[in-house]
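What follows is one structure encoded as structure tokens, with my remarks underneath.
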Amino acid sequence: MSTETLFEKAELRNSSVTAWKEQGKKVIGTVCCHVPEEILHAAGAMPYRLRATGVTDLSEGDTWMSTFTCSYARGTLQYLIDGTFDFMDGVVSSDGCLMAGRIFDNWKYVDGNAEKKEFYLKQIAAPRMYNENAVGYYHDYLEQLRTELGAYMGVEITDEKIRASVALYNETRRLIRELYDLSKSDAPVISGTERLKLILAASSMPKEEYNEMLKDFLAKAGSRPPISDYRARIMLVGSALDDPEYIKVIEDKGGLVVTDALCFGTRYLWEPVELEGEDVLTSIARSYLKRPVCPRMVDLHDEFADLIVKFCKDFQVDGIIYERVKYCEIWGGEGLYFDAHQGMKEAGVPLILLEREEIMTNVGQLAVRAEAFIEMIEK
Amino acid sequence: MADRNIEKVEYWRWEESRWQNPEITDWRGSLVTAGVDIGSTSTQAAIMADGKLYAYASIRTGSNSPSSAVDAMNWALAGTDLTPEDLRYTVGTGYGRVNVPFADSTVTEITCHAKGANYIYGPTVRTLLDMGGQDCKAIHCDENGAVTSFMMNDKCAAGTGRGMEVIANLLAVHVEDIGEMSFRIDAEPPPVSSICVIFAKTEATNLMRSGWSKEKVLAAYCHAMALRVARLLERNEMRLDFAITGGIAKNSGVVKRIERLIGAEALRTDYDAQIAGALGAALMGKALYEKKGGKPR
């Protein structure tokens, strides 16, 4: 299998989606990485994480959500309305952030035919804290999802099926961690641009197929040419980033993106779901909530910053680019928090805040800021 | 009907300039490097001999960046007996840095301005404000002129040199006179509410209609521009010494108001602060040439 074959899976309507639909199977879109894909998978659907990659027209998104909302959310809504995601059979959203939550609301409102087309629409609440009450609350929504989605799919989503899905997804997580391990060396065999494509592929195709393809990629990775002509090792943190072209601009200037703390990155599928003998959905709820995913988890800010510091060490990071989509609610003020965090202070890794929009119209401005930052931290 | 004979004056047009260091009479035996800064509005070429400024030229950026680079460099070379082949290493910088046809490499204007300011103002500069044609940057640097952090403004010409040129044309005031004129007022007026070039133009027109003098309008515009960059400086933390580069450094109407707002005086210089980018690029050229063992590229 060529690498190009795997990269093709990062396309919005890739060959795996087409093949899946040709078999008469259902694709369920998800919004935010707080929708446990395992439940959708156990129902026999293909979970597909909705995104706005490559969007160039926001006319529909702007109409329904106003330009004072994040362009990632508007772009995703745009694709839902303009037919780019016409292969979807449903959408499950969490209230991961207010903007993403509005993708669901607006689309449900705009697409009056949704019910006629027998869409499955569900919004679940994902608490912003990790404690036993929050786990119980989240669990109840997951139970609703199990019941309603099972009815829609015409199957019973049993514990056994969910356990099997968790095992499959934990394997994906293990392989993705291995993928990132490739970038720990002085001369990584994969760029950040390529790696994001592989993560996007993971979110856009059946995991069984993905796992096999990624295993094959990892087995052959040793023969890929090592990248040693970079000027600095960069970590990306910030808003949902689903566009490999953004990373390419940074890497074209010599900043090799070796790791990230992004929800289309390490924060998507990383920490394994632990089935600890308790109710399976409680275990899933617990595992999903205790992950330091992004600043939405209000009581996990320290853990999140600690994770960034750990990644900085593990991946020999020279500088952090904190990219924030304009009007991002979640990442609005995190820079101030990073400034105050003791671990971040001690690590002393330079950090720059760059504001961005989903549509890549400001490549020149990004390039000059990224290049100047690289010149600043270059050793 | 006969045409009225009206002289068309371009009030925005600042004076292009060239300078040559009279102290350098023979560059032979020196490492001659050059820097070309193609900004959105102006282009500078600086030539240095052993890290000492030898000559520079500052011209308006035309519609063609590569030819602006060539024109600036040719003018800087004129009067010296240097030929382009004598330039051992040339660095392109500025937004058009990739359009310098004869450059050996490129470095961003952020790095170059810090390096140039270190040369112009000395090693005590810690906060640098570069006010260019279409953006401004607050830069922190160390005693070697190396950047330690920076922050840039948003993505338009609001509150920058080009905005000032538009106001000059609107009010029929030569752009170089704005600073001094803006202090010929009885009391400081409130700033114009928007420094978006489009809205500020409308606002200035309305103020003139309502009876404000040109001086008062200019004061209000300079005030607004100063407020904007003062906020940028505050966001990036103010560290002394403080210096300003770029074309607006020559506009006392903005500089003095910035100083008032931030409570610190900017360092003064006899150099043309607009050449800091090109000068820094030439210094980077020297460093890169030496780092690469005397080989370009």
Side-chain angles (χ1 to χ4, degrees), chain A residues 67-68 71 229-232 234 246 249-255 318-327 332-340 344-345 347-379, chain B residues 37-40 65 91-99 105-116 118 128 130 132-142 144-157 160 232 234-237 277 280-281 283-285 287-288 291 297:
Chain A
T67 50
F68 291 99
S71 49
D229 60 347
Y230 58 85
R231 300 167 68 184
I234 303 290
Y246 184 87
V249 173
I250 297 166
E251 297 197 319
D252 282 349
K253 296 299 174 191
D318 298 316
I320 300 171
I321 293 181
Y322 165 15
E323 54 80 26
R324 184 174 69 200
V325 173
K326 207 167 172 88
Y327 307 117
E334 203 59 15
L336 293 171
Y337 173 72
F338 286 157
D339 284 348
M344 296 281 280
K345 272 191 206 166
V349 181
L351 179 147
I352 187 172
L353 167 63
L354 301 179
E355 206 159 57
R356 73 176 179 90
E357 299 266 13
E358 186 68 30
I359 296 182
M360 292 280 291
T361 50
N362 58 343
V363 170
Q365 277 128 3
L366 165 64
V368 72
R369 284 157 175 80
E371 190 174 359
F373 184 61
I374 290 160
E375 286 167 357
M376 188 181 102
I377 61 177
E378 190 175 13
K379 284 170 184 161
Chain B
D37 179 3
I38 304 186
S40 61
S65 292
V91 167
T93 190
Y95 99 98
R97 61 192 176 284
V98 296
N99 291 319
S105 66
T106 61
V107 176
T108 64
E109 59 270 35
I110 295 163
T111 301
C112 288
H113 268 275
K115 206 77 182 165
N118 180 270
L128 174 67
D130 170 39
Q134 288 194 20
D135 67 27
C136 50
K137 314 165 188 83
I139 303 167
H140 284 156
C141 55
D142 65 15
N144 299 313
V147 176
T148 54
S149 72
F150 64 91
M151 195 171 273
M152 291 177 77
N153 73 330
D154 297 333
K155 311 154 188 163
C156 72
T160 60
L232 185 72
E234 283 162 11
R235 276 167 61 198
N236 203 33
E237 188 192 336
L283 286 169
M284 291 300 294
L288 288 167
K291 187 177 170 186
R297 293 186 188 272

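Fair warning: this is a prediction, and the values are worked out from it, not measured in the lab. FYI, side chains are in, hydrogens and waters are out, and symmetry mates aren't considered; it's all heavy atoms of this structure.
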Taking C-beta and beyond as the side chain, do [X] and [Y] meet within less than 4.5 Å on heavy atoms?
X        : Y        : result
B:Asp135 : A:Gln365 : no
A:Val368 : B:Glu109 : yes
B:Ile110 : A:Phe373 : no

Counterpart residues, side-chain contact (heavy atoms from CB on, under 4.5 Å), relative to A:Leu353 (two or more places apart): A:Tyr322, A:Arg324
Contacts of type side-chain contact (heavy atoms from CB on, under 4.5 Å), residue A:Glu378, not counting sequence neighbours: A:Arg231
Working for salt bridge (charged side-chain N to carboxylate O under 4.0 Å, His left out), residues B:Arg97 and A:Glu371: CA-CA 12 Å; B:Arg97 61 192 176 284; A:Glu371 190 174 359; 2.9 Å; yes
Which portion of A:Leu351 sits near chain B, non-hydrogen atoms under 4.5 angstrom: neither
Interatomic spacing from CE in A:Met376 to OG1 in B:Thr148 - rounded to 0.5 Å: 6.5 Å
